[in-house]
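Accompanying notes for the structure given below.
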Number of protein chains: 2
Amino acid sequence: MSAPSNKQPVAAGRSAPSPLPPRRARVAGGITLLEVARLAGVSAMSVSRALNTPEQVSAAILAKVRAAVESTGYVANRVAGSLASQRSRLVAAVVPSIAGPVFQEMVQSLIAELAARDHQLMLGQSGYGTQEEDALLDAIIGRRPDGIVLGGVVPSAAGRRRLVASGIPVVETWDMVQDPIDMLVGFSHEAIATAVATFLIERGRRRLGFIGGNHERAARRASAFVHSALHGPAREREISAHVETVVAPATVRSGRQALGEMLRHQPGTDAIFCSSDVLALGVVTEAAARGLRVPQDIAVVGFGDLDFAADVSPSLTTVRIDSTRIGQLAARFIVSRSEGLDVEEAKVDVGFSIVSREST
Amino acid sequence: MSAPSNKQPVAAGRSAPSPLPPRRARVAGGITLLEVARLAGVSAMSVSRALNTPEQVSAAILAKVRAAVESTGYVANRVAGSLASQRSRLVAAVVPSIAGPVFQEMVQSLIAELAARDHQLMLGQSGYGTQEEDALLDAIIGRRPDGIVLGGVVPSAAGRRRLVASGIPVVETWDMVQDPIDMLVGFSHEAIATAVATFLIERGRRRLGFIGGNHERAARRASAFVHSALHGPAREREISAHVETVVAPATVRSGRQALGEMLRHQPGTDAIFCSSDVLALGVVTEAAARGLRVPQDIAVVGFGDLDFAADVSPSLTTVRIDSTRIGQLAARFIVSRSEGLDVEEAKVDVGFSIVSREST
DNA sequence: ATGAAAGCGCTAACAT
DNA sequence: ATGTTAGCGCTTTCAT
């Protein structure tokens with residue numbers, strides 16, 4: 001149809017500026033909800049409902065939408081959805097390292113539990129100083145996750161303030177601190193240290209040692225261990241306790257070296273509590289290399305009950321934490337909270353157990 | 001002021017519908033860019049620029065904005081930013097388990113490298129069957145990450161298609177496959193298997209064994225190992241090779257059990273290649289328990305060069321992969337791509353090395 | 001049960 | 001260098 005039925009106005013001097021100069025379309029993303037809606041012959045809202053709350057939609061529409069989605073390979077853009085609904089379905093976790101005994105299991109469990117509830121995990125690693133950690137917290141807050149899980153991370157005062165100000169649900173998961181930021185799923189380092197000291201003293205050990213990482217988390221256990229050894233209820237006679245510190249992360253090698261240091265500083269040490277099974281394996285290995293018998297000459301207790309603890313020789317006595325449960329509870333608390341439910345019990349002590357094996 | 005200066009119209013039948021009935025305001029989020037702009041006395045764009053591209057802004061505005069941000073504790077909403085800019089600054093990674101020898105290090109390195117470039121990592125775990133894996137991929141695609149890193153995950157044909165259709169940059173990081181989906185940073189399982197077989201045969205071993213997980217990744221190495229042993233260049237005389245499979249994940253325990261099976265099925269086995277150092281530790285432990293000397297009676301090679309490999313006794317000969325480099329390259333490729341740069345070499349073989357220690 | 005309109009809080013594109 | 005405008009692709013709210 002080339003007939004100029006509606007003639008365009010021929011240039012009259014300078015053309016009047018059109019009121020809405022059509023600007024270049026922004027780069028087209030992929031296919032959108034609207035296109036699916038057109039294809040299905042329904043409104044955008046019906047597509048949204050068919051995808052998110054299918055029970056609110058008639059069978060007819062459901063079928064049409066499903067067909068359109070199928071044929072286009074449409075995957076809804078959750079960034080847009082998050083912005084509109086103010087729920088990101090993203091949860092952030094910050095741990096010192098995913099390699100740690102408790103954290104690895106907790107992160108795995110978090111991922112699994114969140115996935116089952118249609119949420120995803122964003123993972124951050126702290127442990128490079130306060131400044132980086134605060135920057136990391138801001139990066140996380142900027143994404144408006146539905147929750148933040150802190151594993152063994154003690155935020156700075158400033159970080160803590162921002163966390164609170166953000167209004168994002170927070171679950172701390174390491175120590176049973178007195179004044180949690182928000183929710184808390186943890187275990188008591190003091191209780192563990194006391195229990196292990198008592199366990200060893202009851203078995204006749206008198207010269208105790210503690211080997212742990214050079215960070216606050218291990219330090220808490222160390223001081224509680226020493227205190228329990230020297231002043232605890234099990235104390236009947238002369239007991240000594242000494243602490244050796246290794247540079248994090250804990251390795252078999254640092255465990256071996258630390259035993260050397262321990263024997264130099266406190267000869268005759270007859271029992272050692274390590275802040276990780278990996279360190280304990282190093283201690284056992286080094287003891288063997290030095291002709292010390294485990295447990296006759298020296299008893300060794302680890303932490304974490306890693307998979308190898310039961311199967312090395314001698315098998316390791318260790319402290320077991322149910323880290324999977326920690327992850328599950330943290331995930332549930334956050335998801336419940338973001339669904340507007342009141343979280344019944346937001347402060348849980350998951351406890352611990354001492355698994356007694358050959359090394360003691 | 002109770003004087004009715006402007007009398008409200010008394011109900012005149014049904015009141016005429018006002019053209020724009022003001023609806024209830026949506027739940028207010030926190031503080032927004034616009035409020036910061038008002039506080040600073042500048043436009044929203046100036047705040048945006050001051051935060052994202054400070055070099056494009058005058059010192060005066062920069063100062064005003066900084067002050068306003070400081071006083072409000074404003075943290076920009078990246079969900080909105082992502083939607084507007086079509087860049088999420090999120091990268092997704094999928095691994096069978098974060099506990100695996102290569103993956104743990106790769107994930108750590110990914111997190112660190114991405115954080116340095118102002119990106120975050122979203123982590124998924126596959127390994128629960130094709131159906132869950134495809135669902136996971138869809139959940140990831142829905143978030144429109146700037147890239148997806150696949151670690152030891154071989155997507156189904158359907159998953160592969162969706163990945164390609166999504167247009168999201170993908171880095172595969174496990175095997176040097178022939179036809180990568182997109183980018184590739186890996187190493188050759190075949191080359192490793194051949195090298196280890198040759199290594200063992202050259203040292204006089206004749207009855208070889210392979211112990212690996214019951215999944216495709218290990219299976220590739222297993223068959224290449226057997227093939228190299230039976231048909232490889234190093235073959236001078238009678239050589240046998242046998243494969244034992246353990247249920248994933250690999251543990252010290254399954255390594256111990258597998259050695260038992262191996263000796264039952266192929267008595268006189270004098271060298272074993274394990275698909276993980278953890279399995280190798282189990283084999284060494286079980287050998288000791290059975291009175292077999294390592295390496296005199298049986299040589300053991302692990303995989304991963306985990307931190308304990310050098311420090312257990314006997315120390316483990318193992319295959320070392322530079323997983324940190326894999327993570328770095330993957331992160332760089334993706335970030336570069338999302339910045340519109342052409343990625344120079346998008347197919348990298350990071351190689352491997354055999355670290356020879358006491359166990360051989 | 002379905003649809004229309006109005007944003008969610010930013011940034012790209014354009015204009016000055 | 002700074003501001004204005006119009007979306008990004010969804011979901012909430014309200015009306016039918």
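Here is how names work: the chains are called A, B, and so on, in the same order as the sequence lines, proteins then strands, and each is numbered from 1.
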- Query: Is a side-chain N or O of D146(B) found less than 3.5 angstrom from the main chain of S88(B), in a donor-acceptor match?
  - Reply: yes
- Message: Just to verify, what does A165(B) make a side chain to side chain contact (heavy atoms under 4.5 Å, CB included) with, not counting sequence neighbours?
- Response: none
- Spacing of M45(B) atom CE relative to dA15(C) atom P, expressed in whole Å: 16 Å
- Query: Once you build an axis from the first five pairs and another from the last five of the helix from dA1(C)-dT16(D) to dT16(C)-dA1(D), how far apart in angle are they, to 10 degrees?
  - Reply: 20°
- Test side chain to side chain contact (heavy atoms under 4.5 Å, CB included) applied to D134(A) - qualifying residues, sequence neighbours left out: T130(A), L137(A), S156(A), A158(A)
- Whole angstrom is fine here: how far is it from CD in E35(B) over to P in dC10(C)? 9 Å
- Item | R144(B) vs A44(B), nearer the 5' end of DNA chain D by closest nucleotide | A44(B)
- Residue Y74(A), side-chain heavy atoms: nucleotide from dG3(D), dC10(D), dC8(C) that is nearest: dC10(D)
- Message: Would the distance check show the side chain of S82(B) and the main-chain N or O of R78(B) forming a donor-acceptor pair, the cut-off being under 3.5 Å?
- Response: yes
- Item | Euclidean distance, atom CG of residue N77(B) to atom P of dC10(C) [Å, nearest integer] | 5 Å
- Message: Once side chain to side chain contact (heavy atoms under 4.5 Å, CB included) is applied, do any residues pair with A115(A), and if so which ones, sequence neighbours excluded?
- Response: none
- Message: For the CG atom of L110(B) and the NE2 atom of H119(B), what is their distance to the nearest 0.5 Å?
- Response: 12.5 Å
- Is the distance from OP1 or OP2 of dT11(D) to the nearest side-chain N or O of S85(A) less than 4.0 Å? no
- Task: Report the nucleotide, chosen from dT11(C), dG3(D), dG9(D), that has the shortest atom-to-atom distance to any side-chain atom of T32(A).
- Result: dG9(D)
- Item | Any Q86(A) side-chain N or O less than 4.0 Å from OP1/OP2 of dT12(D) | no
- Counting only non-hydrogen atoms, which of residues 46-64 of chain A are less than 4.0 Å from DNA chain D? S48(A), N52(A)
- Task: Can you figure out which of dA13(C), dG3(C), dG7(C) approaches the side chain of A84(A) most closely?
- Result: dG7(C)
- With sequence neighbours left out, what residues match V164(B) under side chain to side chain contact (heavy atoms under 4.5 Å, CB included)? I181(B)
- Query: Looking at CG of L39(A) and CD1 of I31(A), how far apart are the two atoms once the value is rounded to the nearest 0.5 Å?
  - Reply: 6.5 Å
- Interatomic distance, R89(B) CZ vs dT11(C) C1' [rounded to whole Å]: 12 Å
- Note on the structure: When rounded to the nearest 0.5 Å, the distance separating OG of S109(B) from CD of Q125(A) is 9.5 Å
- Query: Please give, in whole Å, the distance from dG9(C) P to L83(B) CG?
  - Reply: 12 Å
- Nearest-Å distance for atom pair CG/P, residues L33(A) and dG3(C): 12 Å
- Query: In whole Å, what is the span from the CZ atom of R143(A) to the C1' atom of dC8(C)?
  - Reply: 17 Å
